[in-house]
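Computation of the quantities below employed the complete heavy-atom set of this structure, encompassing side-chain atoms and omitting hydrogens, waters and symmetry-equivalent molecules. Both counts, for ligands and for their atoms, begin at 1 and track the order of listing.
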Amino acid sequence: MTPELKSHPVRPNLDLELPAGTMRDLVDKALERIVDHISSLPGQPSADVEGCEALARSLVEPLPEHATEYPALLDLLFKELIPKGYNTAGPGYLAYIPGGGLFHSAVADLISDAVNRYVGVWIAAPGLAQLEANVIRWFSTIVGYPAESRCILTTGGSLANFTALVTARRNLLPEDFLSGTLYASDQVHHSVVKAAMLAGFPARNVREIATDDTYRIRLDHLEESIESDRRDGLRPFLVVGNAGTTNTGAVDDLNGLADVAERENVWLHIDAAYGGFFMLTAQGREVMRGIERSDSITLDPHKGLFLPYGTGSLLVRDGDALRRAHAVDASYLPPMQQDPDLIDFCLYSPELSRDFRGLRVWLPIKMHGIEPFRRNLEEKLELAAWATEELRSIPGVEVVAEPQLSLVAFRVTRPGLDTEAENEFNRRLVVQVNARKRVYLTGTMLRGKFVIRICVLSFRTHFDRMEAALEDIRAALRDLN
Ligand SMILES: Cc1ncc(COP(=O)(O)O)c(C=O)c1O
């Protein structure tokens, strides 16, 4: 007997499938706002945080039972919510590690979300899975990894670092892994420490290795620490090196790290979330010599390839090691591919169902070729070098970390002030610079000293914005004196 339906299945107000005209209208109306927003980015404030807390609290609401008109929702987004906070897509965002926001990728997301094909298993969307496989092959080529390497696209660097750590653990340690120890410099990104914690290692298994005066890992300390742990019956299994730290952009001696890793028979992971795509430039290749000798690398396309947030990647030199760490069978899944050229991503990654991230990388690279990406990265290197020279010419400015890539760290010293007072002066300086709203800078603590960072990475940041940054630093210093 057919059950009696409580509501008629085609009642239009229950139907979530939109008519063709409505689909067009939704996109057209959103596009109008998006284009206005992007066109006005250079004139928008670099940050606007006033009244943010009240705004956030005013938005709390229960599950809506009733519909709201689409234009009102767009108004809420574009007039009230998007303008608040840090303008991370704007040219003045020189804070933390800037992201990107290529419009092509937004279009790619619209396509991939709308067609909603399934790329986690190869047979479900073989052509689309192959586009993503091409993207990751390109990444392997950029870092100099061999054909048997494999890569996955993640949501960001944190998940890539986590996956690398689990992969190393599962390949090198027994199931009872708590004697395993891992090593990273005191400059490593906190996502590595978090990854260790999530992967089941207590904090005491994570060794923090000192850095030299350029904030690069001390190889002698690293080796001593590994050897001392071995003498104590522990199992050193992983060293994490940096190719562009968040604090100062420091790149460790990657060849030196690879030598240690080879001698000590440990996995070498390089966190190149920020620095990695500078391998497209001659300067980057020089600074990151030896990166191809690592076992795995984190690269963040949402940093150095200018993509929107939500795109990281992990490359593993021995693709089978990545597969060994992740492959699990299930009777309800379709048969997996045996041909090494045809990749079932779910065998290499913690994820099964996920968005089709490959398209957001593939579309802009295919539309332009890689050259504009390379030129943009070269420009960022030049801008950081230029800013460094300008900073040096300001009396009292100490360049604390020369840019190895596109990040310079500096502080202002004042005769007669102790370190704490100088820290306070530099904190106030950042606030004063940011108050001008043309650029947004952040600081960090380095060995007890507060330093200011300028990180140039957005494809929207060009020379005019760097000039503005320097003008605002000089003006803020005048105001503080
Ligand atoms: C060096 C480094 N590693 C890892 C990460 C974490 O990446 P994500 O924020 O994409 O998770 C960052 C973020 O800025 C970073 O700078």
Side-chain angles (χ1 to χ4, degrees), residues 86 88-89 93-101 105 139 143 151-166 182 184-199 206 208 211 215-217 238-252 254 257 268-279 284 287-288 291 294 296-315 349-351 354-355 357 360-361 377 380 384 401 403-409 440-446 453-458:
Y86 306 162
T88 44
Y93 192 69
L94 307 171
Y96 307 105
I97 307 292
S105 299
F139 289 0
V143 300
C151 165
I152 52 166
L153 295 181
T154 64
T155 51
S158 301
L159 258 295
N161 282 339
F162 173 70
T163 308
L165 198 142
V166 172
L182 57 135
S185 87
D186 57 19
Q187 297 297 306
V188 79
H189 191 263
H190 74 279
S191 60
V192 171
V193 180
K194 190 196 271 191
M197 188 178 87
L198 292 176
V206 183
E208 184 183 290
T211 43
Y215 304 97
R216 286 183 266 207
I217 192 164
L238 168 68
V239 171
V240 179
N242 290 307
T245 62
T246 315
N247 272 344
T248 66
V251 179
D252 289 331
L254 302 185
L257 278 175
L268 176 61
H269 174 66
I270 304 298
D271 181 357
Y274 155 53
F277 284 107
F278 283 102
M279 285 292 289
V287 173
M288 288 180 269
I291 195 169
S294 61
S296 55
I297 303 174
T298 288
L299 291 181
D300 257 358
H302 66 197
K303 296 185 171 75
L305 270 193
F306 320 121
L307 260 64
Y309 293 120
T311 328
S313 67
L314 172 69
L315 287 68
S349 141
E351 292 182 287
R354 63 166 171 85
D355 52 346
R357 287 168 206 145
R360 44 170 40 200
V361 190
L377 289 166
K380 309 311 156 210
Q404 284 181 275
L405 297 168
S406 67
L407 198 170
V408 54
Y440 193 75
L441 309 183
T442 47
T444 188
M445 291 300 289
L446 281 178
R453 313 156 58 264
I454 298 179
C455 185
V456 201
L457 198 59
S458 169

Would Cys455 and Leu94 count as a side-chain contact (heavy atoms from CB on, under 4.5 Å) if you check the C-alpha gap in whole Å, the side-chain angles of each, and the deciding distance to 0.1 Å? CA-CA 5 Å; Cys455 185; Leu94 307 171; 5.7 Å; no
For a side-chain contact (heavy atoms from CB on, under 4.5 Å) with Tyr274, tell me which candidate from Leu405, Asp300, Thr246 qualifies.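 Running side-chain contact (heavy atoms from CB on, under 4.5 Å) over Leu405, Asp300, Thr246 with Tyr274 returns exactly one hit, Leu405.
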Is there a donor-acceptor contact under 3.5 Å linking the side chains of Tyr215 and Ser185?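 Checked: Tyr215/Ser185 side chains show no N/O donor-acceptor pair below 3.5 Å.
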Do Asn161 and His189 have a side chain donor and acceptor closer than 3.5 Å?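 On atom types as modelled, these side chains do not qualify, holding no pair under 3.5 Å.
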Which pairs of nitrogen or oxygen atoms, taken one from ligand 1 and one from the protein, are under 3.5 angstrom apart?
residue, atom, partner, partner atom, Å
ligand 1, 3 (N), Asp271, OD1, 3.2
ligand 1, 3 (N), Asp271, OD2, 2.6
ligand 1, 7 (O), Gly157, N, 3.4
ligand 1, 7 (O), Asp300, OD2, 3.4
ligand 1, 7 (O), Lys303, NZ, 3.2
ligand 1, 10 (O), Gly157, N, 2.7
ligand 1, 10 (O), Asp300, OD2, 2.8
ligand 1, 10 (O), His302, NE2, 2.8
ligand 1, 10 (O), Lys303, NZ, 3.3
ligand 1, 11 (O), Gly157, N, 3.3
ligand 1, 11 (O), Ser158, N, 2.8
ligand 1, 11 (O), Ser158, OG, 2.6
ligand 1, 14 (O), Lys303, NZ, 3.4
ligand 1, 16 (O), Thr246, OG1, 2.9

Quick one: does Asn242's side chain have a donor or acceptor within less than 3.5 Å of a partner on Gly244's backbone?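 Not a single qualifying donor-acceptor pair exists.
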Centroid-centroid under 6.0 Å between Phe139 and Phe277 rings: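 Yes: the rings meet the under 6.0 Å criterion.
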